[in-house]
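Notes for the one structure printed next.
Per chain, numbering begins at 1; letters A, B, ... match sequence-line order.
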Number of protein chains: 2
Amino acid sequence: MAKQRLSKQDWLTAALTALAEGGVGAVAVEPLAHRLGVTRGSFYWHFADRNALLREALEWWEAQGTEAVIERVDGIAEPRQRLRALFRIAITEDPTNGLEPALVAHADDPVVAPALHRVTRRRTAFLAEVYAELGLPAPQARYQAACAYAAYVGWMQLRRATPTALPEIADDPDALTHFVEHLVLAIPDTTPP
Amino acid sequence: MAKQRLSKQDWLTAALTALAEGGVGAVAVEPLAHRLGVTRGSFYWHFADRNALLREALEWWEAQGTEAVIERVDGIAEPRQRLRALFRIAITEDPTNGLEPALVAHADDPVVAPALHRVTRRRTAFLAEVYAELGLPAPQARYQAACAYAAYVGWMQLRRATPTALPEIADDPDALTHFVEHLVLAIPDTTPP
DNA sequence: GGTTTTCCGTACAGTACCGTACGGAAGGTG
DNA sequence: CACCTTCCGTACGGTACTGTACGGAAAACC
């Protein structure tokens, strides 16, 4: 039923799945081999060691989960529509659900840290550009980008961790709309009375 | 220099520190014993096993990090001021920084899941109450509570994971103000044109 | 100050994973 | 069909952790 011979990509996708489910510690050669129906002999032909698998898996995620999405929405002329499309894609089409919390939990890992750093910078920079295009001055645009990205990250996190405790976050389209509009509409004046 | 004899609480705080730093997998008896300057013989007198330590540590965190904060701000009459105080306390006075991402990353853990569930429900319920007090109808209040709590969770997560990639999130008081006001000011009308 | 309780060290299996070395089967190539 | 490359299984040693059993020191009590 399963493939007899595995490719490198098979191991990468399996690693990303395990990473999203059980964190960095779950990216272990023996359990993955067991799940793939082979022995560890297969792994050590494709990869040098466990860290190599982790590094390559993160590089693949970095490309698919960031650059690909940005390219898809970069052609939308109207900034607000561009933001809406971006958030909706990022939230609803996430192929590796729950991967980001797993990475953040091991942000001190020497393999995880660089990938996380690059992705965060790339995404917040893109957001800040759009908010600036909407008329916010540069510092405000960066603040707003940080807020929006934090909200996105937290949303993904809660949806994965506690879907039953927060039912509207899982499958309520109205809640999603509320959330997206909350991110799109930047608040101009924030000085408390 | 270090205490000769340890109490149960010593193990609990050490477990929470390790949990915040290295995730659930880092709550291991032998490394903790080494860090505390004792052997594992000490541990197995205080606790039945590793899961017991994890469970009790989470219960302690649950009480300190949720109920205690809510009680502190519950006396503030003005709802907006109550929200501001709540968020500022939760963000700036978090004693166990980075613990939540570690928990979310192992949300499927049978010990972690119940604690996470209870905390999420308690916090979002409190937020929804305040937003309702601000005039939002019940569903909107719940949506807004979910948004605000997601933003808070993501903020804590980013601050711990990528402080260098997002410098304003770490130690910029203006960014913090922007963020808090972004959460306090609920957006009434969200229908896109 | 002797006894009891509290706490910790030591020693012993047992488990799960890593990485290496090597042999051999499966699959393409001439 | 020989041959060579690609891929995988097996076997070995090593590391790190878990939990248990038991003895003994350190504090507390009267």
| Given atom NZ of Lys8(A) and atom P of dC7(D), what is their separation to the nearest angstrom? | 11 Å
| field | Gap between atoms CG and P, on Asp10(B) and dC7(C) respectively (whole Å) | value | 11 Å
| message | Please list, in numerical order, the residues of residues 20-34 of chain B that have a heavy atom closer than 4.0 Å to any atom of DNA chain D. | response | Ala28(B), Val29(B), Glu30(B), Pro31(B)
| Close residues, residues 39-58 of chain B, relative to DNA chain D [heavy-atom separation under 4.0 Å] |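 Going residue by residue through residues 39-58 of chain B, the ones with a heavy atom under 4.0 Å of DNA chain D turn out to be Arg40(B), Tyr44(B), Asp49(B), Arg50(B).
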| Using 4.0 Å as the upper bound for N to carboxylate O, is an ion pair formed by Arg122(A) and Glu67(A)? | yes
| note | Here the pair of heavy atoms bringing Arg82(A) nearest to Val73(A) is CG-O, 3.1 Å
| request: To the nearest 0.5 angstrom, please state how far the CG atom of Leu103(B) sits from the OG1 atom of Thr162(A). | output: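 Here the rounded value is 11.5 Å.
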| request: Could you grab the distance from atom CZ of Arg142(B) to atom OG1 of Thr124(B), nearest 0.5 Å is fine? | output: 5.5 Å
| said: Please evaluate residues Arg121(B) and Glu62(B) with respect to the criterion salt bridge (Lys or Arg N to Asp or Glu O under 4.0 Å), reporting the C-alpha separation (whole Å), side-chain torsions for both, the decisive distance (0.1 Å), and the verdict. | reply: CA-CA 12 Å; Arg121(B) 283 197 82 88; Glu62(B) 198 173 334; over 6 Å; no
| Is it true that the side chains of Asp172(A) and Tyr143(B) contain a donor and an acceptor less than 3.5 Å apart? |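 There is such a pair (donor and acceptor under 3.5 Å, judged by atom type) between the side chains of Asp172(A) and Tyr143(B).
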| said: Working note: Arg35(B) + Glu21(B), criterion salt bridge (Lys or Arg N to Asp or Glu O under 4.0 Å); need CA distance, chi angles, decisive distance, verdict. | reply: CA-CA 14 Å; Arg35(B) 178 143 60 166; Glu21(B) 287 178 356; 3.5 Å; yes
| request: Using the six-membered ring wherever Trp is involved, compare the ring planes of His182(B) and His182(A) and label them parallel, tilted or perpendicular (cut-offs 30° and 60°). | output: tilted
